[in-house]
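Structure record follows, encoded as structure tokens.
Residue numbering restarts at 1 for every chain, and letters A, B, ... go by the order of the sequence lines.
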Amino acid sequence: MIHRLDFPQTAVLMSSLRRQYPFHLIEPKWQRHWEAEQTFRAFNPGEAVPDDHPFAQRHGAGDPAAAGRDWPAKYYILDMFPYPSGAGLHVGHPEGYTATDILARYRRAQGRHVLHPMGWDAFGLPAEQYAVKTGRHPRITTEQNVATFKRQIRSLGFSYDWSREVDTTDPDYFRWTQWIFLQLYHAWFNPGTNRAEPIDTLTYPPECDTEAERRAYRDERRLAYVTEAPVWWCETLGTVLANEEVIDGRSEVGGHPVVRRPMRQWMLRITAFAERLLQDLDTIEWSASLKEMQRNWIGRSEGAEVDFALADDQASDEAGRRHIRVFTTRPDTLFGATYMVLAPEHPLVDRVTTSEQRAAVEAYRAEVTKKSDLERTDLAKDKTGVFTGGYAINPVTRGRIPIWIADYVLISYGTGAIMAVPAHDTRDLEFATKFDLPVVQVVQPPDEATDWRGFVEAGISVNSTGPEVSITGLPTVEAKRRITEWLEARGLGRKTINYKLRDWLFSRQRYWGEPFPILWRKDADGTLYHEAVATADLPVLPPPLDDYKPTPDGQPPLARATDWIQLPDGAVREVNTMPQWAGSCWYYLRFLDTRNADAFVSPAAERYWMGADRSTPGGAAPAPGIDLYVGGTEHAVLHLLYARFWHKVLFDLGHVSTPEPFYRLVNQGLILGEDGQKMSKSRGNVVNPDEILVEYGADAFRLYEMFMGPLQETKPWNTKGVDGVYRFLGRVWRLFVDEGSEQDFEQQCAVHPEADPALLDGLRLTAAIREVEPTDAQLKALHACVKKVTEDLDGLRFNTAISAMMVFVKEAIAWEARPAAVMRPFLQLLAPFAPHLAEELWDRLHAHLDQRAPSLGYAAWPAYDPARLVEDELELPVQVNGKVRDHIRVPASATPEEIEAAARAAARAQPFYAGKTIRKVIVVPGRLVNIAAS
RNA sequence: GCGCGCGUGGCGGAAUUGGCAGACGCGCCAGACUUAGGAUCUGGUUUCGAAAGGAGUGGAGGUUCGAGUCCUCUCGCGCGCACCA
């Protein structure tokens, strides 16, 4: 049921004095109507469409599939669903929502079957922190916040199909989040097929002959696996964080310090999909900058791994001499490798360190661990490091080179060790200079004048001849290839591709998240192992708790629920929970079939809405995936990368039919405060939509959000600016409504201050609106507007579409007769932008004409006739040397020769070339004439 | 440091493939209707100039009959990445 807009009473009294039009009655009226009629319901394949639904009136009733009809082409348009915070909506949220709503209504009018849903990403830290402080269950806070968000979003009149609302904290939802986690758990990545496959397709090596060994082998290869690895721990938040959630050594949320600490954690094997996540970016329509961010994050780099033997290694065990494996993108500079550097954490450090150097090495390592990661990666800081005393053999020069440790080499990237080529690597050069290590040129810059020291680009190899191989004289690309082939032939190295992307740390030590559907058991040997909760036992609900803090011994809060953890058969539950990203990784799929109790989505619904069935006559081919996804840039890597990853796993396992979820994605720009600063509570520049709605109404608010500027740009809010679009709506109102009846109406309003839509019934439309033949000028104004609005909507240029409507209204308001055949299509153009006002006037227009009003949302979008736009006569500027000097009027059919003759005759232009020679006359038909004279 | 994006009136912003810079809106100025106006309507509003005319899209060059748009350099702002070998 639609609530009334609960305006604060005083504000209503103050603002109602000068209302441009009675939006306070119109808006609740139509919101209630849409709710009652279920106007914006989208129907799934196989679902019966009620006869009286407007969709049925346009596209046919009943089950179109059963009736042998085809479904209209689908259009799936999605907003990034919000985290319902306690602060409620601010004007930034509805920017994207308004844009998508306008497009949803536009596509619906064009006959597309539109899916436009909304939901709540409601697990998360604020509700939990609030619970820790107050003891109030996060469920209660969450429900309140959802209610606030929903009220605010509904008051804007968006055409969401609310029957598909999802809430990630609803057990009927997260049952499937857990189910998808189990799909990952029960799968492995087969490098042979480059796909995720069920874990039972895994073949075991012969040495795994006990069940325990096979289990260990299997568990190491699952897409969801457990590892004991250094992770980012945030003391303040009391949880670990994913790499992506740590910015400059601080938590992305709240900016708290984080430290590296080894812990047993769940990981998801996103790195296996790095190449596909990268390559498939080419198949989707995202902005170049967003794709670039994802590419950077994935961080593919091609190079070679090279093994450097330890010079004085005493080991003579069967493994033979130990070596240090490095990754380099410049194998062609191998001859210039004059020393090596290991990350301080590298496992071989102990082995290579000599007894004389041990004290120094230990001291350095201790110092490094003390440093926070912020200090370690601090900008432009001095290089530090110590010599280990050990040496390695350069495989091509056969020379002994010293092995150092330094914290500029990261354990987490590549092999955690490098060959240092100071001549052609900036960092190595800096280090070598500081510690006086040799610098040997091996690349000649193409330009003689360029200094070879620190030259890091491609050139010609020099000084690159050893006892067994030479690449001297080869250009860099060739040299890389040759040396890599040689290394491969000798078993000393191989071509390798490295990614910056790390596996996704998936567990959190929190209460308010999805529990893992995992149990721990001990086998006969007392070894702990994990197993999946049976699908039938999902969802695993979080236990009730009174205290949401971690346990005193540092266990996650779920460990407090001792009864819940312990199963009767001796199994123990996993006490970590999933990160907030889990729920948002797949919500767009749940929208397709929200209430399905048997599957996360039915195959038929999935195939239809994701566009796998492309046989849709009578419409554009649906996009493979979501047609348009709109949201902020803040999710450029995290959410969008995680969701793409899950989608690919589900695709490989046959649960979804498209390789990518979001075919087209647009980032809306940030809305700044009136002071041009980012909106924030501390700055006190937050604009609350509720206040704008009281003063101006939802339609004006929507219009202003779109009129401010291009959707993708950052732009400042200016409440004064709302006046402009508000006046425009007032002019539209007066374009239709009879002045006399409006005066009576205003008196009625004054007598009955309580908002009652029934009062609207007293209004009449102006007698100027008649069924008369439109003039050519009127048709031209209309068709120009239809063309502009249509094209601008296709290009997401909402601001200029609105301006075109303003131009039309300005012209139309001067007409003594306003032909219904012109005014009616205009309302259709206005409808996506200002749906409440358009519905009211549409309804009245049809009553005025004694016609039955078809449902505005489903009325066919007006077409424009280019023939209506052609002019008989054109006005062209006449330029002399590029400057406009005069104008001429010529018939539209004039030939270039005739235009030139007219231009030469243009009197005001003549003085500017009098006495000069006309060198050339450029005639651009329909545009201008330029006389070049000197 | 590297990568990407953006610089147009007092302000938000318009300007097809290079073709009349400043659409539309805010603000401001003047007028009309008014007891009144944060209402409505009309006109004006880049800048210098009385005008004729000149200048003008961060700055400097270039290509072109013609550049806000293309090219080179440069300055400023924003965003992303940041010892990734």
Using salt bridge (Lys or Arg N to Asp or Glu O under 4.0 Å), reason through A:Asp332 and A:Arg330 one step at a time and then give a plain yes or no.
CA-CA 5 Å; A:Asp332 60 302; A:Arg330 292 297 298 270; 3.0 Å; yes
Would you check, one step at a time, whether the test salt bridge (Lys or Arg N to Asp or Glu O under 4.0 Å) holds for A:Arg300 with A:Glu302?
CA-CA 7 Å; A:Arg300 181 186 202 270; A:Glu302 236 174 83; 2.9 Å; yes
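A:Arg734 has no side-chain polar atom (N or O) that falls below the 4.0 Å cut-off from OP1 or OP2 of B:U40. The phosphate of B:G38 (OP1 or OP2) has no side-chain N or O of A:Arg19 nearer than 4.0 angstrom. Applying the 4.0 Å criterion to OP1 and OP2 of B:G18, one finds that A:Arg927 has every side-chain N and O outside that range. Between A:Lys788 and B:C24 there is no side-chain N or O to OP1 or OP2 distance below 4.0 Å. At the phosphate of B:G19, neither OP1 nor OP2 sits under 4.0 Å from any side-chain N or O atom of A:Asn930. Residue A:Lys810 places at least one side-chain N or O under 4.0 Å from the OP1 or OP2 atom of B:G25. Distances shown here put every side-chain N or O of A:Lys720 at or beyond 4.0 Å from the OP1 or OP2 atom of B:C26. Between A:Ser301 and the phosphate of B:A85, there is a side-chain N or O to OP1/OP2 separation shorter than 4.0 Å. At B:G80, none of the side-chain N or O atoms of A:Gln294 fall inside 4.0 Å of OP1 or OP2 (strictly under the cut-off).
Annotation: of the two residues near RNA chain B, A:Tyr704 and A:Ala932, the 5′-most nearest-nucleotide partner is A:Tyr704. Comparing A:Phe912 and A:Leu876 against RNA chain B, the residue whose closest nucleotide sits nearer the 5' end is A:Leu876.
On the P atoms, B:G59 is 15 Å away from B:C11, given to the nearest whole Å. The separation of B:G7 from B:G22, taken at their C1' atoms, amounts to 16 Å, rounded to a whole angstrom.
One can place CG of A:Asn296 at 6 Å from C1' of B:C81, the figure rounded to the nearest angstrom. Going from atom CE of A:Met293 over to atom C1' of B:G3 covers 11 Å, rounded to whole Å.
In this structure the side chain of A:Met340 never reaches within 4.5 angstrom of the side chain of A:Trp404, judged on heavy atoms.
In this structure, of B:C81, B:G3, B:C20, it is B:C81 that holds the atom nearest to the side chain of A:Trp297.
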